[in-house]
Amino acid sequence: MSAVRAAAAARMARRRTPDRRASSPEHSWSADPYSDALRTGRGPLFLRRTDGWLLPLDVERWCAAADAADLDVLARCEGTVLDVGCGPGRLVAALSAQGRRSLGIDVSEAAVARTVRCGGQALRRSVFDPLPGTGRWGTALLVDGNIGIGGDPPALLARMVQLLLPGGLLIVETASHPDIDERTLVQVTDAHGSPGPAFPWARLGTPALLRHAGRAGWHTDDQWSTGERRFVALRTAGPARPAR
């Protein structure tokens, strides 16, 4: 075979041979739009429902330092703090800077890596995985819409009871629209329309959260708003509150 024909055959073979990097877990993870946004600290990024409706995600705020609303949440925390779905870790980093014991968990490798770089402690875990400190956390956080994790708020609220110590505190950020009580499938997508895999998600306004929490035996401790952000503090049944 001539050198020209050999070179042409090699080119054809490369075209027919799949790029192993494209199917590797590392390549798939790096192509995920959520991970890419956390690495750059910029959006736009959206949750996309199957009907095409888009919910903007506030990536720039998540990747910035804790703001006044965040610091108000942290001031209400008691004892050790578990941040569920910690994202890029601004809350865990702020707690660490205050000398308070905290841990973030997130299923995103990029989120955990950024949290650690910011000075917080974090593990790549689902909230439904075995976790350190189960039954001993003083406070758990479900902010930035994370009451939606798993698409089943009652199941998530039941899991939080297991994680907290008796009398423990759960702080939940609810949707700005009070009438929302939605369970759906969503994808994370960016401005280029590059969606990740579909997964179940939920959105709750404060009235819906209180309904689900009441049925699960939670007691409402407080409700407040900061700008357009709304929060509810719930407490498990149990003994006196731990020291802050």
Side-chain angles (χ1 to χ4, degrees), residues 32-49 53-77 81-98 100 102-124 127 139-149 156 170-178 180 182 186-196 199 201-206 209 222-233:
D32 172 52
Y34 177 67
S35 301
D36 292 342
L38 292 195
R39 291 190 186 99
T40 62
R42 297 190 301 274
L45 199 68
F46 309 90
L47 284 184
R48 182 184 184 276
R49 279 193 322 220
W53 179 85
L54 295 175
L55 174 69
L57 300 178
D58 202 350
V59 176
E60 286 82 0
R61 179 173 64 80
W62 297 350
C63 291
D67 61 18
D70 297 327
L71 294 175
D72 184 28
V73 167
L74 300 186
R76 297 167 184 262
C77 292
V81 182
L82 179 67
D83 186 5
V84 176
C86 65
R90 73 187 190 282
L91 302 183
V92 179
L95 286 164
S96 180
Q98 295 172 6
R100 303 176 66 181
S102 61
L103 176 70
I105 58 169
D106 204 290
V107 297
S108 164
E109 182 179 19
V112 169
R114 183 157 183 149
T115 299
V116 172
R117 287 199 304 272
C118 291
Q121 292 188 344
L123 295 175
R124 188 181 177 190
V127 65
T139 303
L141 303 176
L142 288 170
V143 300
D144 300 328
N146 283 334
I147 187 61
I149 289 173
L156 182 56
L170 173 63
I171 299 179
V172 181
E173 183 171 359
T174 57
S176 58
H177 197 295
I180 290 174
E182 176 185 56
V186 297
Q187 296 170 288
V188 178
T189 187
D190 57 20
H192 307 291
S194 305
F199 56 94
W201 195 252
R203 293 195 304 143
L204 298 182
T206 295
L209 172 65
D222 200 2
Q223 300 179 50
W224 70 98
S225 298
T226 304
E228 295 186 354
R229 298 177 67 189
R230 292 172 170 78
F231 302 91
V232 176

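The first residue in the sequence is number 1, and the count goes up from there. All heavy atoms count here, side chains included; hydrogens, waters and symmetry mates do not. Please read all numbers here as calculations on a predicted model, not as lab measurements.
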Exercise: identify the closest heavy-atom pair between [X] and [Y]:
X      : Y      : result
Ala111 : Tyr34  : CB-OH, 4.3 Å
Ala37  : Val59  : O-CG1, 3.9 Å
Ala122 : Cys86  : CB-SG, 4.4 Å
Leu45  : Pro33  : CD1-O, 3.7 Å
Gln187 : Pro195 : NE2-CB, 3.7 Å
Pro88  : Cys118 : O-SG, 4.1 Å

What distance do [X] atom [atom1] and [Y] atom [atom2] have between them, rounded to the nearest 0.5 Å?
X      : Y      : atom1 : atom2 : result
Leu74  : Leu91  : CG    : CG    : 5.5 Å
Asp83  : Thr115 : CG    : OG1   : 8.0 Å
Leu209 : Arg230 : CG    : CZ    : 13.5 Å
Trp201 : Arg49  : CH2   : CZ    : 14.5 Å
Cys63  : Arg39  : SG    : CZ    : 11.5 Å
Asp144 : Arg61  : CG    : CZ    : 5.0 Å

Taking side chain as C-beta onward, heavy atoms only, is [X] less than 4.5 Å from [Y]?
X      : Y      : answer
Trp224 : Asp72  : yes
Thr206 : His177 : no
Ile147 : Thr174 : no
Ser176 : Arg229 : no
Val186 : Arg48  : no
Leu142 : Leu170 : yes
Val127 : Ile149 : yes
Leu47  : Trp53  : no

Using a 3.5 Å distance criterion without hydrogens, assess whether the side chain of [X] forms a donor-acceptor pair with backbone atoms of [Y].
X      : Y      : value
Ser108 : Ala110 : yes
Asn146 : Gly85  : yes
Arg76  : Asp222 : no
Glu60  : Gly43  : yes
Asp106 : Gly87  : yes
Glu182 : Arg203 : no

Start with the C-alpha gap between Leu82 and Leu141, add the side-chain angles, then the distance that decides, and say whether side-chain contact (heavy atoms from CB on, under 4.5 Å) holds. CA-CA 6 Å; Leu82 179 67; Leu141 303 176; over 6 Å; no
Please walk me through it: do Val73 and Phe231 pass side-chain contact (heavy atoms from CB on, under 4.5 Å)? CA-CA 8 Å; Val73 167; Phe231 302 91; 3.6 Å; yes
Assess the residue pair Leu123 and Val112 against the criterion (side-chain contact (heavy atoms from CB on, under 4.5 Å)); give the C-alpha distance rounded to whole Å, side-chain angles, the decisive distance to 0.1 Å, and a yes or no. CA-CA 6 Å; Leu123 295 175; Val112 169; 5.9 Å; no
What do the steps show when you test Leu71 against Gln98 for side-chain contact (heavy atoms from CB on, under 4.5 Å), and what is the final call? CA-CA 11 Å; Leu71 294 175; Gln98 295 172 6; 4.2 Å; yes
